[in-house]
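Labels below follow one simple rule: chain letters A, B, ... track the order of the sequence lines, proteins then strands, and each chain is numbered from 1.
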Amino acid sequence: MSTMSITIAADGVSQQRVTDTTTTGLDLFGDDPTIVAVRVNGELRDLNRTLPEDAMVEPVKINSPQGLDILRHSTAHVAAQAVQSLHQKAKLGIGPPIKDGFYYDFDVADPFTPDDLREIERVMTKIIKERQRFQRRPVTDEEARAELAGEPYKLELIADKSSAAADEEASAEVGAGELTIYDNVRRDGSIAWKDLCRGPHVPHTGYIPAFALTRNSAAYWRGDQNNNQLQRLYGTAWPSRDELKAYETRLAEAGKRDHRKLGAELDLYSFPDEIGSGLAVFHPKGGLLRKIMEDYSRQRHIEAGYEFVNTPHISKAELFKISGHLGFYGDLMYPPMHVDEERHADGSLKRQGQDYYLKPMNCPMHCLIFRSRGRSYRELPLRLFEFGSVYRYELSGVVHGLTRVRGMTQDDAHIYCTVDQMQDELISLLQFVLDLLTDYGLTDFYLELSTRDPEKSIGSDEDWERATDALRNAAAASGLDLVLDPGGAAFYAPKISVQARDAIGRSWQMSTIQVDLMLPDRFDLEITAPDGSRQRPVMIHRALFGSVERFIGVLVEHYAGAFPPWLAPVQVIGIPVAGEHNAYLLNVADRLRAAGVRVEVDTSDDRMQKKIRNAERAKVPYILIAGGEDAATNAVSFRYRDRRQKNGVPIDAAIDEITGDIAARRQV
RNA sequence: GCUGGCGUGGCGCAAUCGGUAGCGCAGCUGUCUUGUAAACAGCAGGUUACGAGUUCGAGUCUCGUCGCCAGCUCCA
């Protein structure tokens, strides 16, 4: 038996070993069920494959990102085997790992029911108990086609393998090089199931400690609406029962902060059916929150040199023909209102009517303001700002609470500047955006740069390059992480979006900054340059909140409804120990109100305990309680949202504390 | 838009095989009110989303419309 030398790198320590040439990862790490694969010279491999000469071998832990992917991908195979054993005619789609889990797509006659899911889980548990080995087997294209003759979707993947355009998800199945099939082998050596797959996988199904099927839904084959709709089975898998449970708890926690639920509980807004899908109304407390946000935003925009404009909600069709919106996005606009048409008694046309549209964007109107008179280079950069209400006929299936609506108010601005000013303008703009978002309590950001899709864009290469470079430089100046989104730009403009992570780690696309390469031309915008020549200005679109509605939705979820005092609709609620202390607290409230604090006193017939409960449920930042002891010493007692209390605080000190927190925009 | 699930007072829920709608909270009225998460009693509130159909009889079954939820697709 010949030997070879390998290097094992584990826990930051490298160690050389001489082993025989048949050594596998399992020989090295097989005793440890938390090691699910190996990285051999940087490449992920199954534990049961023989290691090559001079290999650098690293164990892949089950709780590492790649380890979790392997675990979940393997679980997807188990799910698919279970489905095919229960539904013989089910055809396989693809089954990749995703964040926190996996899915597998199937072409089945009938969609899965909740009962089906339970049954599939039961069979999966059985498969896991059988400890079926995942056995890798390289095959030629012809062999793969022969073996998978009954799997039309797999055949399609094989056929596409050679074409470089194999999409990312499909690559999990076929990869770039040779094709491999993974057999699931029972302990008696019989093959239970097989799937075309690049791998790697855990050594056997017993390596799956905890899993659950979570939901099912429809999904288009390869994500294309024109293709067949498959049934997608979603599941999750974790290194332990406890981690699975923690994941389920996390989901439940996220559900509790759902802004649709909290909006009703906190009496902020609602979505009356009578008005229509995706159209919110803001109740007094929500309206106040909105006003506070808008007021602060306006103040910051004044300081940053913006000018305030105002434009109508509707316009004749002509405007959106000029801007191109009607041509490019007409399907997503509300249909027109046809007005002014008159006919003769015989039905023939007497007066031609007009089509008016609800505006889906503010920019065309801002361009008209720019164009309303001759503009000098001296006016640039010209920054036009508006809280502009726009309406978009979003597909019914995508409307979602405040985060995807059909009517919304953008904090929209368009900046007109020269090509030379563009770079500095973008850098200061991005800083402005980040500062403002930080003030609202979002502090963890990264940026995404969406670049040109050559297939689907207008404008010259030079313009795109210059604009994209300017955005990239602005991103670099911010020092934040930049994620590339190649080809993700709209057809007329590259874009930077600010992604913010919320209190429980989810990211939301907040602000967007776009350099528009279309509208200045379409509206024939011009400035007079120092030499008297006419020049085309650069136009930058930007929205910080995106929309006020959506931003409120995100903030509600970020804070779980417990707003920092400066944003809280009610900042202080006074609770008397008994009715006879009402007058004392009302007086304290007057003094707070004089200091600019939004304060209420609960003078209802409820008991104090009930009032505290109500105030806590309303997530009011400060509860001020006062009874005989406080009144005797001109004091109040604080109860905070975390149930801390601070008793016997002199009234002046209480006012100072509250106004101090508000002024500093501190969370308490 | 597509696939699936769902729609019962303001909110959260119940109603067996198709037999004629109940409960809690909130609301209103009254009696209460002393120290940090629900006082007590009474009253009122529903054409079971809307429309059609099957049936002696529909919250329950069928069809259509509207809306909601999950996912897909989309998001200027």
Side-chain angles (χ1 to χ4, degrees), chain A residues 103 105 108 110-114 116 214-234 255 258 260-261 264-265 267 270-278 320 323-333 359-364 390 392-401 403-406 408 410 488-493 495 509 512 514 516 518-519 541 543 546-547 550 575-582 604-617 623-631 637-640 643-648:
Chain A
Y103 67 77
D105 287 343
V108 284
D110 298 306
F112 299 123
T113 65
D116 290 334
T214 47
R215 57 179 180 265
N216 67 292
S217 78
Y220 301 105
W221 169 238
R222 311 193 96 171
D224 188 334
Q225 270 194 83
N226 302 312
N227 289 341
N228 274 354
Q229 208 163 42
L230 307 180
Q231 285 300 311
R232 178 168 295 178
L233 196 59
Y234 285 91
D258 189 313
R260 295 165 297 184
K261 191 175 148 74
E265 282 172 15
D267 197 14
S270 59
F271 305 89
D273 286 352
E274 294 84 343
I275 296 178
S277 183
F320 301 117
S323 72
H325 289 109
L326 213 40
F328 297 119
Y329 300 107
D331 288 349
L332 286 173
M333 289 169 66
K359 67 174 168 180
M361 289 287 266
N362 302 300
C363 32
V390 300
R392 300 176 182 180
Y393 194 70
E394 301 285 1
L395 291 179
S396 60
V398 307
V399 170
H400 180 96
T403 56
R404 194 79 182 272
V405 291
R406 283 178 168 171
M408 60 178 159
Q410 295 179 316
F491 66 92
Y492 61 85
K495 170 176 88 173
Q509 177 178 313
T512 57
Q514 282 178 287
D516 192 315
M518 177 176 73
L519 286 189
H541 299 248
S547 79
R550 183 183 145 81
I575 296 181
V577 169
E580 64 186 84
H581 308 111
N582 283 352
S604 70
D605 288 344
D606 289 328
R607 294 291 194 284
M608 174 190 66
Q609 285 81 353
K610 181 62 177 295
K611 292 179 183 180
I612 289 170
R613 178 180 155 87
N614 287 342
E616 300 234 319
R617 282 153 65 104
I623 298 173
L624 292 187
I625 296 170
E629 293 162 31
D630 295 292
S637 295
F638 278 79
R639 182 186 166 107
Y640 300 92
R643 301 183 195 175
R644 266 182 310 127
Q645 9 174 332
K646 192 156 74 182
N647 297 329

Please classify the nucleic acid contact of A/His400 as base, sugar-phosphate, or nothing, using heavy-atom distances under 4.0 Å.
sugar-phosphate
Sugar-phosphate, base or nothing in reach of A/Asp605, heavy atoms under 4.0 Å:
base
Assign A/Asp630 to base, sugar-phosphate, or nothing according to its heavy-atom contacts below 4.0 angstrom with the strands shown.
base
Report which part of the nucleic acid A/Glu580 touches: base, sugar-phosphate, or nothing (heavy-atom distance under 4.0 Å, all strands).
base
Return the 5'-most residue of the pair A/Gly628, A/Gly278 with respect to RNA chain B, ranking by each residue's nearest nucleotide.
A/Gly628
Regarding A/Phe491, tell me which of base, sugar-phosphate or nothing describes its non-hydrogen contacts under 4.0 Å with the strands shown.
nothing
Any strand is fair game: report the nucleotide pairing with B/rC68 by Watson-Crick or G-U wobble, both distances under 3.5 Å, or none.
B/rG5
Is A/Asp224 salt-bridged to A/Arg222, going by a charged N under 4.0 Å from an acidic O?
no
Without decimals, in angstroms, what is the distance between A/Ile625 CD1 and B/rU33 C1'?
15 Å
Using atom C1' in both nucleotides, what's the gap between B/rC68 and B/rC28 to the nearest angstrom?
31 Å
Grab the CE-P distance between A/Met408 and B/rC75 for me, whole Å please.
13 Å
Proximity to the side chain of A/Ile612 - top-ranked nucleotide from B/rA76, B/rU34, B/rU36
B/rU36
For B/rG35, what is the paired nucleotide under Watson-Crick or G-U wobble rules, both distances under 3.5 Å?
none
Within the 4.0 Å heavy-atom criterion, would you say A/Ala219 contacts the bases, only the backbone, or no part of the nucleic acid?
sugar-phosphate
C1' atom, B/rG22 versus B/rG46: distance in rounded Å?
11 Å
Nucleotide paired to B/rU16 in any strand shown, Watson-Crick or G-U, under 3.5 Å
none
A/Tyr220, nearest nucleotide to its side chain (from B/rC32, B/rU73, B/rA70)
B/rU73
B/rG27 pairs with which nucleotide, Watson-Crick or G-U wobble, both distances below 3.5 Å?
B/rC43
Just the rounded figure in Å: distance from C1' of B/rC74 to CD of A/Gln229.
14 Å
Complementary nucleotide of B/rA21, counting Watson-Crick and G-U pairs under 3.5 Å
none
On a heavy-atom basis, the closest approach of A/Gly255 and A/Lys261 is O-CD, 3.9 Å
Identify the two heavy atoms, one from A/Gln514 and one from A/Ala493, that lie closest to each other, and give their separation to 0.1 Å.
NE2-CB, 4.0 Å
Considering only the C1' atoms, how many Å lie between B/rC66 and B/rU55, rounded to the nearest integer?
26 Å
How close do A/Tyr640 and A/Glu616 get, counting heavy atoms only, and between which atoms?
O-OE2, 3.9 Å
Minimum heavy-atom separation for A/Asn227 to A/Trp221, with atom names?
ND2-O, 2.8 Å
Could you tell me whether the phosphate oxygens of B/rC68, OP1 or OP2, come under 4.0 Å of any side-chain nitrogen or oxygen in A/Ser277?
yes
Look at all strands and tell whether A/Gln609 reaches a base, only sugar-phosphate, or nothing, counting heavy atoms closer than 4.0 Å.
sugar-phosphate
Just N and O in the side chain of A/Ser396: are any of them under 4.0 Å from OP1 or OP2 of B/rG1?
yes
B/rU54 to B/rG10 separation - C1' atoms, rounded to the nearest Å:
35 Å
Spacing between A/Ile275 atom CD1 and B/rC66 atom P, to the nearest angstrom
18 Å
Pairwise P distance, B/rU47 and B/rG9 [rounded to whole Å]:
10 Å
Heavy atoms under 4.0 Å, any strand shown: does A/Arg215 hit a base, just sugar-phosphate, or nothing?
sugar-phosphate
Can you tell me whether the side chain of A/Arg232 and the base of B/rC72 have a donor-acceptor pair closer than 3.5 Å?
no
Closest of B/rA76, B/rG35, B/rA70 to the A/Arg260 side chain is B/rA70
Between A/Asn647 (CG) and B/rU34 (P), how many Å, whole number?
18 Å
Have a look at A/Leu332 and say if it touches a base, only the backbone sugar-phosphate, or nothing, with a 4.0 Å heavy-atom cut-off.
base
Counting the atoms with a prime plus P, OP1 and OP2 as sugar-phosphate, which does A/Tyr492 contact under 4.0 Å by heavy atoms, base, sugar-phosphate, or nothing?
sugar-phosphate
Test side chain to side chain contact (heavy atoms under 4.5 Å, CB included) on A/Phe638 and A/Ile623 and set out the steps.
CA-CA 6 Å; A/Phe638 278 79; A/Ile623 298 173; over 6 Å; no
Base, sugar-phosphate alone, or nothing: which one does A/Phe328 contact when heavy atoms must sit under 4.0 Å apart?
nothing
For the side chain of A/Glu629, starting at C-beta, report the closest nucleotide among B/rA76, B/rG35, B/rA38.
B/rG35
Of A/Arg613 and A/Gly397, the one whose nearest nucleotide on RNA chain B sits closer to the 5' end is A/Gly397
What's the closest nucleotide to the side chain of A/Arg607 if the choices are B/rA39, B/rG71, B/rU73?
B/rA39
With side chain to side chain contact (heavy atoms under 4.5 Å, CB included) as the criterion, how do A/Glu629 and A/Ser637 come out once you've worked through the C-alpha distance, each side chain's angles and the decisive distance to 0.1 Å?
CA-CA 10 Å; A/Glu629 293 162 31; A/Ser637 295; over 6 Å; no
Counting side-chain heavy atoms from C-beta on, which of B/rG1, B/rU3, B/rU36 comes nearest to A/Pro111?
B/rU3
In whole angstrom, give the distance that lies between atom CZ of A/Arg617 and atom P of B/rU36.
20 Å
Report which part of the nucleic acid A/Arg406 touches: base, sugar-phosphate, or nothing (heavy-atom distance under 4.0 Å, all strands).
nothing
B/rG59 versus B/rA49 - spacing of their P atoms, nearest Å
10 Å
side-chain N/O A/Lys610 vs B/rC40 OP1/OP2, d < 4.0 Å:
no
Taking the P atom in each of B/rC11 and B/rG18, what is the distance between them to the nearest angstrom?
29 Å
N/O donor-acceptor pair under 3.5 Å between A/Asn216 side chain and A/Phe112 backbone:
yes
Has A/Arg639 got a side-chain atom pairing as donor or acceptor with A/Gln645's backbone, closer than 3.5 angstrom?
no
Pairwise P distance for B/rU8 and B/rU60, with rounding to whole Å:
13 Å
Where the side chain of A/Arg392 is defined as all heavy atoms beyond and including C-beta, which of B/rA70, B/rU36, B/rA76 is the nearest nucleotide?
B/rA76
Would you say the side-chain atoms of A/Lys611 pair up with the backbone N or O of A/Ser604, donor to acceptor, closer than 3.5 Å?
yes
With sugar-phosphate meaning primed atoms plus P, OP1 and OP2, does A/Pro360 contact a base, only sugar-phosphate, or nothing at under 4.0 Å between heavy atoms?
base
Length of the line joining A/Tyr393:OH and B/rC74:P, which is rounded to integer Å:
19 Å
Mind checking who B/rC63 pairs with, Watson-Crick or G-U wobble, both distances under 3.5 Å?
B/rG51
Separation of atom CG in A/Leu230 from atom P in B/rU73, rounded to whole Å
12 Å
